[in-house]
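Written out below as structure tokens is the structure these notes cover.
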Amino acid sequence: MTHLLFAEHALLPTGWARDVLLQWTPQGQWHAIVAGQTPTADVPRAPGPVVPGMPNLHSHAFQRALAGLTEFRSNAQDSFWSWRTLMYRFAAQLSPAQLEAIATGLYVEMLEAGYTSVCEFHYLHHAANGQAFAEPAEMSLALLRAAKRTGMGLTLLPVLYQTSGFGGTAPTPGQGRFIHSTDAMMRLLERLQPLCQAQSARLGLAPHSLRAVPPEGLREVLLGLDAMDATAPVHIHIAEQRAEVDACLAWSGQRPVAWLLDHAPVNARWCLVHATHMDAQEYRRAAASGAVAGLCPTTEANLGDGIFEFNTWQDHQGAWGIGSDSHIAVHPAEDLMMLEYSQRLSLGQRNVAAHATQPEVAQALWQGAVAGGAQAAGRPVGGLAPGQQADFIVLDTSHPTLAGLSPEMMLASHVFASSRSSAVAQVWSSGQALVQQGRHALHESAMAGLVQARSQLLKG
Ligand code: NGQ
Ligand code: ZN
């Protein structure tokens, strides 16, 4: 038995199609997608245009409870680094139950906004005193449970963290909860692999950054991962801050992206998160490697990172996707808008993300981010095509900003003009309707749980 839905308008990889019959398997994968059909009375109709669900390629779930709480001056010159001090202080006390509550609330928010899968760049592994939990995967299990309960598609990326800076400097006390030997990380991955498989989550790995993983740790853990799964996704924070680039130059004589490309087998399974600071050669070489650029425009703006040269990357046909990272915004439309606006502001132009074959900016952004996000996730979540998962959203045609418009204009208005009042009516993941009339079934309890966990943390 397959499942059927009729959509008057659907955004396929080839563009908008009319009168589309969407058919998926009981396992939640697209079986057939055929345009130009006549609807029959027994087939349910989507109440609006159908658009692919968005993969979120970078998340630190716990940081959702800190969003909005660091917008005050704590230093004469606040920066990414002073924010990180506050973030570490917050992370220091978090319990597994609190992580689960925050992630559950966050995943409900993500689904309601149209994110249908997430890559968790997960580094908060140990107890507050830095000792491993009796169950070393305790914190990872909290994330797996949150994803399962909410229906969120998950790529779990346990983070390897070993040093506080280039050249092997010892971790600071605030980093105690993150640390693993390479062997201990391999044991964690082995423990997690069957658990991920059981809920069709994908397991990958994230060397935190070149600051946090020395060359031998990087080499060994990649060999270990390959022995487990030679196609597993690998994500890394790479060149977010100028101070990081300078420290890497002082240590190795090379910039971080150049160093990585010369010392690691970077290819299409890699996601380079915050490849913000690259020179012309790094743009060319990184794009040619096939790696996905992991862009987190609202977090990068919030932390004062700098502006990625999106049009240079596009000129090199680089793959890219978006992540909500610190969750200062949890909405694909906001991150796509921020990405386009950062380019407009720095270049003094408009419609930068449009390209020769796609003049519609919102559509170019949406489809680019879905394709690159799916690649980074290592899961078949690349849109409305047979073999991919039936992850999709239905736009809200009754939203005043969208009502009465063509599907192209609806998507553009959703991305650029919906003013945070989400224009998402339904969200389906793996062929299941998780969000109806804009609300996830767990909305009330999940949001209450998130708020309660944050209140506890603020008291602590
Ligand atoms: C993180 N966040 O791991 O949460 C980092 C900050 C670091 C971002 N890079 C810590 N946005 O990079 O050292
Ligand atoms: Zn990050």
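In each ligand, atom 1 is the first atom listed, and ligand 1 is the first ligand listed. These numbers come from a predicted model, not from an experiment. Only this structure's heavy atoms are used, side chains among them; waters, hydrogens and symmetry mates stay out.
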Is there an N/O/S atom in His58 at a distance below 2.8 Å from the Zn ion (ligand 2)? yes
How close do Val159 and Met185 get, counting heavy atoms only, and between which atoms? O-CE, 3.1 Å
Geometry at the Zn ion (ligand 2) - His60 NE2 versus His237 NE2 angle, rounded to 10 degrees: 120°
Show me, by chain and number, every protein residue that has a heavy-atom distance under 4.0 Å to ligand 1. His60, Gln63, Phe80, Trp83, Arg84, Met87, Tyr123, His208, Arg211, His237, Glu240, His274, Leu303, Asp325
So, are Glu109 and Arg64 salt-bridged, with charged N and O less than 4.0 Å apart? yes
Salt bridge or not for Arg202 and Asp229, using N-O below 4.0 Å? yes
Is the Phe308 ring parallel, tilted or perpendicular to the Tyr283 ring (thresholds 30°, 60°)? tilted
Quick one: does any side-chain atom of Glu138 pair with a main-chain N or O of Phe133 as donor and acceptor, under 3.5 Å? no
Check whether any side-chain N or O of Gln343 sits under 3.5 Å from a backbone N or O of Phe310 as a donor-acceptor pair, and report yes or no. yes
Asn75-Gln77 side chain donor-acceptor pair, cut-off 3.5 Å: no
